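Working notes for the structure below.
Predicted model, so just to flag it, every value in this text is computed and none were measured.
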Amino acid sequence: MAVEVKIGIADSSRELTVQSTQTSDEAYAAITAALSGKEDVLALTDEKGSRYLVPTAKIAYAEVGNTEVRRVGFGA
């Protein structure tokens with residue numbers, strides 16, 4: 001299951017949204033490590049294999065949430 005990660009960038013009116021292949025816990029741990037000063041850059045990979053590098057000094061906020069699976073058809 002993919003997880004949606006939203007990152008607010010300082011001095012930018014837009015946010016970066018990545019559908020990551022990581023679990024929610026893995027993404028949260030990576031962001032926590034980056035914001036605690038252990039890493040200078042936050043690295044994420046999306047479902048298609050694209051890589052994103054975000055300097056931790058520019059991260060204003062981060063949101064990690066599970067992507068809901070869209071169901072097709074009628075539910076009982």
Side-chain angles (χ1 to χ4, degrees):
M1 178 192 291
V3 66
E4 182 178 74
V5 178
K6 292 182 183 179
I7 300 172
I9 308 297
D11 302 325
S12 176
S13 60
R14 299 186 69 181
E15 63 185 12
L16 174 65
T17 303
V18 177
Q19 296 291 331
S20 177
T21 57
Q22 296 174 311
T23 65
S24 179
D25 290 337
E26 290 171 342
Y28 185 81
I31 293 168
T32 301
L35 293 177
S36 69
K38 295 178 184 176
E39 303 290 332
D40 293 333
V41 175
L42 172 62
L44 296 171
T45 303
D46 71 6
E47 293 176 324
K48 297 178 183 178
S50 297
R51 295 178 182 177
Y52 298 87
L53 298 173
V54 181
T56 56
K58 293 291 184 176
I59 297 175
Y61 65 89
E63 177 183 335
V64 178
N66 287 329
T67 302
E68 292 184 26
V69 177
R70 295 184 184 204
R71 297 180 185 195
V72 178
F74 297 97

Look at the side-chain heavy atoms of Ile, Leu, Val, Met, Phe, Trp and Tyr, link any pair under 4.5 Å apart, and say whether Leu35 and Val64 land in one connected group. yes
Measure the CD-CG distance between Glu4 and Asp46 for me, rounded to the nearest 0.5 Å. 12.0 Å
Could you go step by step and tell me if Leu44 and Ile7 meet the side-chain contact (heavy atoms from CB on, under 4.5 Å) rule? CA-CA 11 Å; Leu44 296 171; Ile7 300 172; 3.8 Å; yes
Which atom names give the shortest non-hydrogen contact between Ser24 and Val3, and what distance separates them? CA-CG2, 3.9 Å
Determine, stepwise, if the pair Leu16 / Tyr52 fulfils side-chain contact (heavy atoms from CB on, under 4.5 Å). CA-CA 9 Å; Leu16 174 65; Tyr52 298 87; 4.0 Å; yes
Verify, without hydrogens or angle tests, whether Thr56 (side chain) and Asp40 (backbone) share a donor-acceptor contact under 3.5 angstrom. yes
With distance as the sole test, does Ser36 use its side chain to make a donor-acceptor pair with the main-chain N or O of Thr32 at under 3.5 Å? yes
Report yes or no: do Gln19 and Glu47 form a side-chain donor-acceptor pair below 3.5 Å? no
Spacing of CZ belonging to Arg14 relative to CD1 belonging to Ile9, to within rounding of 0.5 Å: 11.5 Å
Can you tell me how far CD of Glu39 sits from CD1 of Ile31, rounded to the nearest 0.5 angstrom? 12.5 Å
Rounded at 0.5 Å granularity, tell me how far CD in Glu15 sits from OH in Tyr61. 3.5 Å
Show your working on side-chain contact (heavy atoms from CB on, under 4.5 Å) between Val5 and Thr17 and close with a plain yes or no. CA-CA 6 Å; Val5 178; Thr17 303; over 6 Å; no
